[in-house]
There are 2 protein chains.
Amino acid sequence: MSAQPTEAPGAQQEASASPHSGIERLQGTELAAEVEFLTARARSLGSGRANQLLADLDLKVRSYSVLSLACSGENPSQRELADFLSLDPSQIVSLVDQLEKRGAVTREADPRDRRSKVIAATAAGRRLYRAAAAIVRESEAQSLRRLSTAERDTLRSLLQRVAFNGD
Amino acid sequence: MSAQPTEAPGAQQEASASPHSGIERLQGTELAAEVEFLTARARSLGSGRANQLLADLDLKVRSYSVLSLACSGENPSQRELADFLSLDPSQIVSLVDQLEKRGAVTREADPRDRRSKVIAATAAGRRLYRAAAAIVRESEAQSLRRLSTAERDTLRSLLQRVAFNGD
DNA sequence: ACTAATGATTGACTTTTTCAATGGTATAGG
DNA sequence: CCTATACCATTGAAAAAGTCAATCATTAGT
């Protein structure tokens, strides 16, 4: 095992599915105090779980996000999706391709600007979204289970300011 | 489908500071309220900026993270690095390979368990780390510039509980 | 009208992620 | 002691994600 001579006090390892590796020792390092790192780790855990759960619907976090925006009523263009999701426009093309092939969204030429295509959800797409959103909520609840409702709101609000800091 | 013409279709072209695409309209959507999504976006922006700045030192966020833990004094094994950084063990191999080739870290067989290799930084590695850490601090300051010191602490603390929620 | 910019798309290419297999080593049980 | 099982680091292959430049159609600027 690890290099720790002293056996862990509460050597609880069976009980549940907690493969607590030897991570605790590293939680006091400088890296573990960097928001950059914490964000990456939180995201990795969160999207890992969400992807696993969404697999039942043949969706991933990415396609779910596109579907969600397609259902928002804001009629986003592919360019807007790319900017909002921090993806390359070419990635949006294939994401929309898949959802369109599936009958979940449609591409409509924007009458104001015929270069641009507006993505909207079909009725089937909205049904799919409702099911997926329930799963994602459950997944998020798991990820945030250690936080109170107030803390979750605080986290959300702080993250919004970081994620949209108008850089 | 009522979002309408009032948003000046021509779209402003703020030359310098704000490449604000058409993102604002989507900030009120359900997706924009999901911590999962916000985390992904914050991380994408943050690591994008950090990678750009770290390029001066021929580092990326990934290699910087390994170097940081190598400098921590905790003498982590590759397995621990993998768990802590949410990476596959094989990715650690190549990350350590590069840093070792560069003379920044060493692999030492753990006397307690000769299967495992302990990663430690060399003097040159520590120098490199100090330079890189300064850059990363600067990058993080940029990412969090909209938050007060107290808010940054709050964010860090909440993220720690999410990133290490003992799942 | 002419030129420069933009949105979507394609294709090539690089990087990251994910997995299965292997050799060396430790641990548990007989 | 011996054997079965599990674990770590490593390799290699394959899938997914990300990056870029070029193109077509369209729009904006002058």
Side-chain angles (χ1 to χ4, degrees), chain A residues 1-3 7 13 19 21-22 40 43-45 47-48 51-52 54-55 58-63 65-66 75-101 105-119, chain B residues 8-15 19 21-23 40-41 43-45 47-48 51-52 55 58-63 65-66 75-101 105-119:
Chain A
M1 284 238 219
S2 52
E7 287 305 288
Q13 58 170 3
S21 313
R43 190 227 66 153
S44 175
L45 292 176
S47 73
N51 276 330
Q52 222 171 320
L54 283 172
D58 258 301
L59 285 174
K60 298 188 178 181
V61 171
R62 282 291 159 72
S63 37
S65 300
V66 171
N75 294 315
S77 70
Q78 296 188 192
R79 179 59 165 149
E80 290 171 321
L81 293 178
D83 289 341
F84 199 65
L85 299 175
S86 315
L87 295 177
D88 190 87
S90 63
Q91 293 178 279
I92 301 294
V93 169
S94 79
L95 247 10
V96 172
D97 277 352
Q98 295 172 49
L99 288 171
E100 191 183 37
K101 202 161 299 174
V105 307
T106 59
R107 278 179 167 98
E108 296 168 36
D110 183 344
R112 297 173 185 285
D113 182 345
R114 306 215 329 273
R115 287 172 302 182
S116 146
K117 306 204 181 155
V118 164
I119 307 305
Chain B
Q12 301 293 333
Q13 291 225 29
E14 301 293 340
S21 314
I23 278 185
R41 196 178 144 101
R43 182 241 147 185
S44 175
L45 292 176
S47 73
N51 277 330
Q52 223 172 319
D58 258 302
L59 284 174
K60 297 188 178 180
V61 171
R62 281 290 161 72
S63 37
S65 301
V66 170
N75 293 314
S77 70
Q78 294 187 195
R79 181 53 162 155
E80 290 171 323
L81 293 177
D83 289 341
F84 199 64
L85 299 175
S86 314
L87 296 177
D88 189 87
S90 63
Q91 293 177 278
I92 302 294
V93 169
S94 80
L95 248 12
V96 172
D97 277 351
Q98 294 172 50
L99 289 171
E100 192 184 35
K101 202 162 297 172
V105 307
T106 60
R107 276 180 169 99
E108 297 167 33
D110 183 343
R112 295 170 188 286
D113 182 344
R114 306 217 327 275
R115 285 172 304 183
S116 146
K117 306 201 182 154
V118 164
I119 307 305

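Residue numbers start from 1 in every chain, and the chains themselves are labelled A, B, ... in the order their sequence lines are given, proteins ahead of strands.
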List every contact pair, protein side and nucleotides 22-24 of chain D side both N or O, where the distance is under 3.5 Å.
none

Interatomic distance, R62(A) atom CZ to S47(A) atom OG [nearest 0.5 angstrom]: 8.5 Å
d(D113(B) CG, R79(B) CZ) to nearest 0.5 Å is 12.5 Å
Taking [atom1] from [X] and [atom2] from [N], how many angstroms apart are they, rounded to a whole number?
X: L85(B); N: dT18(C); atom1: CG; atom2: P; result: 14 Å
X: D110(B); N: dA9(D); atom1: CG; atom2: C1'; result: 13 Å
X: I92(A); N: dT10(C); atom1: CD1; atom2: P; result: 14 Å
X: K117(B); N: dT25(C); atom1: NZ; atom2: P; result: 10 Å
X: D97(B); N: dT10(D); atom1: CG; atom2: C1'; result: 9 Å
X: D83(B); N: dC7(D); atom1: CG; atom2: C1'; result: 12 Å
X: R79(B); N: dC7(D); atom1: CZ; atom2: C1'; result: 8 Å

Does the base of dC7(D) carry an N or O that pairs as donor and acceptor with the side chain of R115(B) under 3.5 Å? yes
Check every atom of dT27(D), dT9(C), dA9(D) against the side chain of V93(A) and return the nucleotide holding the closest atom. dT9(C)
Any idea which of dT25(C), dT27(D), dT10(D) is nearest the D113(A) side chain? dT27(D)
Non-hydrogen atoms of [X] and [Y] that approach each other most closely:
X: S86(A); Y: R41(B); answer: OG-CG, 3.7 Å
X: L85(B); Y: S65(B); answer: CD2-CB, 3.8 Å
X: L99(B); Y: S63(B); answer: CD1-O, 3.7 Å

Contact between [X] and [Y] at the side-chain level, heavy atoms closer than 4.5 Å - yes or no?
X: L81(B); Y: V66(B); result: yes
X: I119(A); Y: R107(A); result: yes
X: D110(B); Y: K117(B); result: no
X: V118(B); Y: T106(B); result: no

Angle separating the five-pair end axes of the helix from dA1(C)-dT30(D) to dG30(C)-dC1(D), nearest 10°, is 40°
For the pair N51(B) (side chain) and V61(B) (backbone), establish whether a donor and an acceptor sit closer than 3.5 Å, ignoring hydrogens and angles. yes
dG7(C) OP1/OP2 closer than 4.0 Å to side-chain N/O of R107(A): no
Set out, line by line, the N/O atom pairs under 3.5 Å between protein and nucleotides 16-20 of chain D.
{"unit_1": "dG18(D)", "atom_1": "OP1", "unit_2": "R62(A)", "atom_2": "NH2", "d": "3.0"}
{"unit_1": "dG18(D)", "atom_1": "OP2", "unit_2": "R62(A)", "atom_2": "NH1", "d": "2.3"}
{"unit_1": "dG18(D)", "atom_1": "OP2", "unit_2": "R62(A)", "atom_2": "NH2", "d": "3.3"}
{"unit_1": "dG18(D)", "atom_1": "OP2", "unit_2": "Q91(A)", "atom_2": "NE2", "d": "2.9"}
{"unit_1": "dC20(D)", "atom_1": "N4", "unit_2": "S90(A)", "atom_2": "OG", "d": "3.2"}

